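Report on one structure; see the data block that follows.
This one's a predicted model, so the numbers in the text were calculated from it and none came from an experiment. In listed order, ligands and their atoms are each counted from 1.
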Amino acid sequence: MIIDGHAHFFNKKTFGSNFPKNLKMTEAMKKMASTMDHTMEENRDAWIKAMDKEGIEKTVFMSTSTLNEEFTSFINSSDRLVGFATLNPELPNAVETVKKELENGMQGVKLYATNGQYNIGSDKTFPFYEYCENNQIPITIHSGVTIGPTADLFTGNPVHISRVLSAFPELRVLMAHFGAGYFREVLMLKYKRENLYVETSGTNNWIPFQDNFHTLKDVFKKSIDIFTPDRIVFGTDTRIFPDGYRTGILNEQQKILDELNVSSQDKEKIMYGNMAKLLAK
Ligand SMILES: [Zn+2]
């Protein structure tokens with residue numbers, strides 16, 4: 001069994017619905033925006049079909065705008081589609097917003113540290129994290145490199161989360177894409193901490209920008225050593241249109257786990273069990 005721990009639902013009503021008007025879309029974003037004519041129902045049907053084919057029980061979708069009605073109806077259209085809301089955790093109404101998102105059926109939060117123009121570790125965020133800790137709401141963070149016109153590595157450094165991890169030891173934080181270029185920092189953050197996970201999704205095209213010559217297999221090996229198979233969550237970062245499910249990423253990561261002789265029990269945790277536990281209340 002598999003849970004895909006990171007995916008997106010994009011169409012014209014979800015993508016760019018809160019895109020800042022004073023900013024230009026990057027070429028990569030324009031390309032994405034040109035492929036979004038599909039309805040919510042077409043997206044759902046394509047997803048369910050792909051999940052059936054790949055043996056995926058559930059997929060976790062990262063919203064890109066706050067309290068988005070189209071995203072909410074997509075998530076609520078099947079119990080196999082899990083939603084993570086997004087918001088600015090520094091805003092004074094962050095806790096109220098999370099409460100509304102949970103009422104809408106969301107089960108976690110995604111923070112776009114690099115794109116969101118907020119500091120994921122400032123004092124202002126603490127009420128938000130406190131609420132998430134008390135209510136066992138998992139948080140996925142995209143630090144490091146990313147497309148997006150507001151991307152700024154100054155806020156995208158995951159080290160900002162260090163003081164949050166110590167202040168809220170029961171909070172569950174997942175670093176998407178192995179930290180997307182801040183792999184060393186993510187490994188250091190794990191020092192004597194139980195509340196941090198790495199998540200494996202995406203093309204992992206940050207690897208060539210490292211000063212060490214990693215391969216994705218090296219990254220998995222190191223993650224298994226430091227994070228243990230109990231703190232690694234599989235994902236693909238698929239958006240289903242126009243290219244379909246990212247089977248290549250699924251296959252590549254499963255092959256790496258096999259090559260590293262990961263036991264079937266540990267593989268099950270990475271591909272399914274760890275995320276299932278995070279979603280269970
Ligand atoms: Zn993503």
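Checked against ring-ring contact (aromatic ring centres under 6.0 Å, His included), His8 has the following partners two or more places apart in sequence or in another chain: His6, Phe10. Every ring-ring contact (aromatic ring centres under 6.0 Å, His included) that Phe61 has, sequence neighbours left out, goes to Trp47, Phe74. Listed by chain and number, the residues in a ring-ring contact (aromatic ring centres under 6.0 Å, His included) with Phe227 amount to none (sequence neighbours excluded).
Between Tyr112 and Tyr118, the ring center distance fails the sub-6.0 Å criterion.
With rounding to the nearest 0.5 Å, the separation of CG in Asn274 from CZ in Arg172 is 11.0 Å.
At distances below 3.5 Å, at least one donor-acceptor pair connects side-chain atoms of Gln210 with backbone N or O atoms of Gly181.
Of all protein N/O/S atoms, those lying under 2.8 Å from the Zn ion (ligand 1) come to 3.
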